[in-house]
Amino acid sequence: MSSSLKQTLAIIKPTAVTQRHTGDIIACIEKEGFRLKVLKMTEMSVKDGKSFYAEHAERHFFEELYQYISSGKVVVMVLEKENAIADFRKLIGATDPKQALAGTIRNKFGMDTSDNAIHGSDSPESAAREISFFFPSREVAG
């Protein structure tokens, strides 16, 4: 199986970091069998936010998206597990925390559609692009 199917990118978003939910969120992730391959805390500039979310540039929520992700510290992780992308999307829940199933990360820690606690890659192509955005390939290979 290719590494893109076994790896996904996760970002604990600024409000969740500020509210000290990082440890609880990582505990939820590990409890579900994900392995933390690499993790770092960082701050994204507005330029980085625009570049990271470039695929959404024509959408009405683009400005809100990049402004929010660049508003404070984030925790970026590469996670590994068989079926990582699908399993992680299930674990984090719907984009809108009010619509997310009980027990999902967004249901527990999210505030609203933009401030929903966590980002997760939605496809193997996105995972590969997003992982390489934050980490040189030598750090996450294998």
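Quantities reported herein were computed from a predicted structural model and do not represent experimental measurements.
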Notebook entry, point to check: Does Ser132 reach the main-chain N or O of Ala128 with its side chain, forming a donor-acceptor pair under 3.5 Å?
Noted result: yes
Notebook entry, point to check: Which is it for His119 and Lys13 under the side chain to side chain contact (heavy atoms under 4.5 Å, CB included) test, yes or no, and what are the steps along the way?
Noted result: CA-CA 7 Å; His119 166 86; Lys13 295 182 177 181; 3.9 Å; yes
Next item on the list: Report the distance from atom OH of Tyr53 to atom CZ of Phe61, rounding to the nearest 0.5 Å.
Entry: 9.5 Å
Next item on the list: Could you tell me the separation between the CE atom of Met111 and the NZ atom of Lys98, rounded to the nearest 0.5 Å?
Entry: 9.0 Å
Margin query: I need the Ser70 OG to Met44 CE distance, nearest 0.5 Å.
Written below: 7.5 Å
Checklist line | Check ion pair Glu55-Arg129 (N to O, under 4.0 angstrom) | finding: yes
Notebook entry, point to check: Given the rule that I, L, V, M, F, W and Y join up when any side-chain heavy atoms are under 4.5 Å apart, are Ile131 and Val38 in one cluster?
Noted result: yes
Next item on the list: Measure from the side-chain N and O atoms of Ser121 to the backbone N and O of Leu9, and report whether any donor-acceptor pair falls under 3.5 Å.
Entry: yes
Next item on the list: Output yes when a side-chain donor or acceptor of Asn83 lies under 3.5 Å from a complementary backbone atom of Ala86, and no otherwise.
Entry: no
Next item on the list: Could you please spell out the steps behind the side chain to side chain contact (heavy atoms under 4.5 Å, CB included) verdict for Lys73 and Thr42?
Entry: CA-CA 6 Å; Lys73 292 182 179 180; Thr42 190; over 6 Å; no
Next item on the list: Output yes when a side-chain donor or acceptor of Thr104 lies under 3.5 Å from a complementary backbone atom of Ala100, and no otherwise.
Entry: no
Notebook entry, point to check: Ile12: which other cluster members, linking ILVMFWY side chains closer than 4.5 Å, directly or transitively?
Noted result: Val17, Ile25, Ile26, Ile29, Phe34, Leu36, Leu39, Met41, Val75, Met77, Leu79, Phe88, Leu91, Ile92, Ile105, Phe109, Ile118
Note to self: Keeping Ser126 on the side-chain end and Asp122 on the backbone end, is there a donor-acceptor pair under 3.5 Å?
What the structure shows: no
Item checked: Phe135 six-ring face occupied by Lys40 cation (under 6.0 Å, within 45°) -> yes
Notebook entry, point to check: If you look at every heavy atom in Ala127 and Gln7, which pair is closest and at what distance?
Noted result: CB-O, 3.9 Å
Item checked: Short side-chain to backbone donor-acceptor contact, Ser51 and Asp48, under 3.5 Å -> no
Notebook entry, point to check: Would you call Glu80-Arg35 a salt bridge at under 4.0 Å N-O?
Noted result: yes
Notebook entry, point to check: Any chance the side chains of Thr95 and Asn116 put a donor and an acceptor closer than 3.5 Å?
Noted result: no
Item checked: Nearest-0.5 Å distance that lies between atom CD in Gln99 and atom OG1 in Thr113 -> 8.5 Å
Check: How about Phe52 and Phe133: are their ring centroids closer than 6.0 Å?
Finding: yes
Notebook entry, point to check: Given side chains that start at C-beta, do those of Lys6 and Glu82 come closer than 4.5 Å, heavy atoms only?
Noted result: yes
Note to self: Can you confirm whether Pro14 sits close enough to Val74 that some side-chain heavy atom of one is under 4.5 Å from a side-chain heavy atom of the other?
What the structure shows: yes
Notebook entry, point to check: What's the spacing between Glu130 CD and Ile11 CD1 if we round to 0.5 Å?
Noted result: 6.5 Å
